[in-house]
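Single-structure report; data block below.
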There are 2 protein chains.
Amino acid sequence: MLMSELLMKHDAPMDAYRQLFDGILSQRLAPGTKLNEVELTVLFGVSRTLIRQALQRLQLEQVVEIHKNRGAFVAAPSPDLAQQILLARHTIELAVVNLACERCTVGDVEQLQHMIDLEQSAIDQGDMATALRRSGEFHLQLAIVAGNQPFVHALRGLISQTSLIITMYSHGGGNACARDEHSLLLAAVSAGDQQQAQQQMAHHLGHIAAGCDFTQSPQMANLKGAFAHLS
Amino acid sequence: MLMSELLMKHDAPMDAYRQLFDGILSQRLAPGTKLNEVELTVLFGVSRTLIRQALQRLQLEQVVEIHKNRGAFVAAPSPDLAQQILLARHTIELAVVNLACERCTVGDVEQLQHMIDLEQSAIDQGDMATALRRSGEFHLQLAIVAGNQPFVHALRGLISQTSLIITMYSHGGGNACARDEHSLLLAAVSAGDQQQAQQQMAHHLGHIAAGCDFTQSPQMANLKGAFAHLS
DNA sequence: GTACATAATATTGTATACAATATAAGTGAA
DNA sequence: TTCACTTATATTGTATACAATATTATGTAC
């Protein structure tokens with residue numbers, strides 16, 4: 001099989017999943033939004049079978065809630081759950097940076113630095129949704145570098161949920177300092193300084209939590225608007 | 001709706017999932033076993049739709065591996081992955097007992113003690129497969145008591161995978177001392193002694209790892225034999 | 001107009017049918 | 001035999017059809 005064919009070949013179920021995932025993470029689909037199956041079939045051009053597959057997967061990643069006979073909705077973590085999520089991230093990511101300090105190669109550092117730059121360029125363009133998504137990708141890459149598959153798996157869901165939390169509860173600007181924090185974190189990891197890296201990570205995650213107030217409720221969005229670019 | 005109807009009403013997709021899950025966790029389905037979809041439909045009396053739903057869910061819990069166009073197989077973690085899993089459990093369960101120490105009620109202690117007793121009775125009857133499953137349920141209940149949903153979610157998969165690891169790599173007797181360890185752990189949690197509880201948990205998980213050698217390969221099993229009690 | 005019951009519609013749940021791919025069986029030549 | 005190649009079979013991937021449930025609309029009594 002040619003490389004071009006490999007690149008062209010689109011994996012239908014993954015595509016539907018990715019589109020939905022991106023739609024949610026980029027904040028085009030607000031927490032609580034109902035995800036109607038037939039609407040999604042026409043938007044993505046696949047049958048309900050694949051839509052339901054994607055929705056189930058998103059549910060198991062805790063990004064979507066499915067209520068029996070009622071349908072799927074973009075998850076809207078309660079304040080209590082939100083704090084549980086941030087605590088879980090704290091625990092896992094501290095362990096992750098510890099491992100990353102031991103295993104990070106120069107190639108890894110380059111890639112992580114590149115991701116920081118991409119995040120910053122999104123911030124410079126005022127595209128905070130993209131910046132938020134890229135920030136999550138940086139954290140996930142750190143877990144990949146750490147070389148622990150279960151941590152990667154758990155963090156994938158937790159990071160996505162954190163994006164939802166920030167969408168719902170953060171009163172802006174709270175994560176504008178993210179760039180510096182990511183850079184400081186990477187510097188510590190790159191130097192293999194576990195003590196410093198853990199401190200940076202704890203500080204960074206603390207900032208995210210501090211930027212939320214957990215008293216206001218979220219606004220919804222509608223499906224067609226979120227995927228208007230497709231039709 | 002009557003209570004009896006509620007109890008009778010079986011949730012078909014959950015049933016298929018549970019049967020498979022139990023089959024794997026109780027070691028009737030050995031790691032690596034192929035899970036043929038049509039065979040499962042006749043065994044469970046539901047259509048491939050629900051079988052595939054169950055398999056996908058098990059895949060996302062890392063208990064089953066699905067290879068595109070090749071089918072589903074009971075997961076068989078490599079020695080390297082096995083160690084990553086045990087490390088992840090170590091990290092998360094230490095945090096769990098910490099929380100459990102703060103939140104454990106007398107009712108929780110009773111329930112946990114009951115689960116220890118059930119595990120012990122399985123050991124007394126020589127049913128190590130059931131004992132192993134009950135041991136996992138004890139650990140999961142501890143996470144529920146701790147009140148952190150993401151930890152529960154992550155541990156559900158990790159504990160299941162640990163069962164597979166023990167099936168594949170443990171040279172017996174290694175977890176015979178589990179009862180005492182669980183009891184000591186519960187005592188510490190019940191007393192709210194975080195220091196002691198963490199130490200017990202670390203010791204307990206260390207024992208599991210120490211009981212494995214990671215050099216031998218697993219044996220397979222066939223489907224019809226594993227579910228012979230159904231037909 | 002409100003409240004309730006009933007019918008019409010829409011949406012999800014499950015099973016089946018068809019398509020695509022992989023596996024196994026057969027066939028012939030070296 | 002063994003290898004390659006072709007054909008047949010089995011298995012998975014996807015779409016559709018039908019069933020069950022929920023939501024909305026309609027009508028009627030008060």
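Source: prediction; values computed, not measured. Labels below follow one simple rule: chain letters A, B, ... track the order of the sequence lines, proteins then strands, and each chain is numbered from 1.
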Mind calculating the distance between [atom1] ([X]) and [atom2] ([N]) to the nearest angstrom?
| X | N | atom1 | atom2 | result |
| --- | --- | --- | --- | --- |
| B:I66 | C:dA22 | CD1 | P | 16 Å |
| B:D15 | C:dT14 | CG | P | 11 Å |
| A:E65 | C:dT12 | CD | C1' | 17 Å |
| B:F73 | D:dT11 | CZ | P | 12 Å |
| B:F44 | C:dT14 | CZ | P | 16 Å |
| B:L55 | D:dG13 | CG | C1' | 14 Å |
| A:L40 | D:dA15 | CG | C1' | 16 Å |
| A:H67 | D:dA20 | NE2 | P | 24 Å |

Problem - Per A:R70 side chain, nearest of listed nucleotides C:dT14, D:dT23, C:dT11 - result: D:dT23

Fill in the blank from the handout: A:N69 has its side chain closest, among D:dG13, D:dT11, D:dA22, to D:dA22

Problem - Test side chain to side chain contact (heavy atoms under 4.5 Å, CB included) applied to A:V64 and A:L20, step by step - result: CA-CA 10 Å; A:V64 156; A:L20 269 171; over 6 Å; no

Handout entry: Side-chain donor-acceptor pair present, A:T215, A:D213, cut-off under 3.5 Å
Key = yes

Exercise for the section: Indicate whether the side chain of B:Q19 and that of B:D15 have a donor and an acceptor atom separated by less than 3.5 Å. Expected result: no

Practice task
Return no unless some side-chain N or O of B:K68 is found under 4.0 Å from OP1 or OP2 of D:dT11.
Solution key: no

Problem - N/O (side chain, A:K34) to phosphate O (OP1/OP2, D:dA22) under 4.0 Å - result: no

Problem - DNA chain D contacts among residues 45-52 of chain B, heavy-atom distance under 4.0 Å - result: B:R48, B:R52

Handout entry: Residue from B:E93, B:H139, B:H90 passing side chain to side chain donor-acceptor pair (under 3.5 Å) with B:H204
Key = B:H139

Handout entry: Qualifying residue for side chain to side chain contact (heavy atoms under 4.5 Å, CB included) with A:P13, from A:L50, A:T49, A:V46
Key = A:L50

Practice task
Measure from the side-chain N and O atoms of A:Q62 to the backbone N and O of A:L158, and report whether any donor-acceptor pair falls under 3.5 Å.
Solution key: no

Practice task
Indicate the ring-plane relationship of A:H182 and A:F138, choosing parallel, tilted or perpendicular according to the 30° and 60° boundaries.
Solution key: parallel

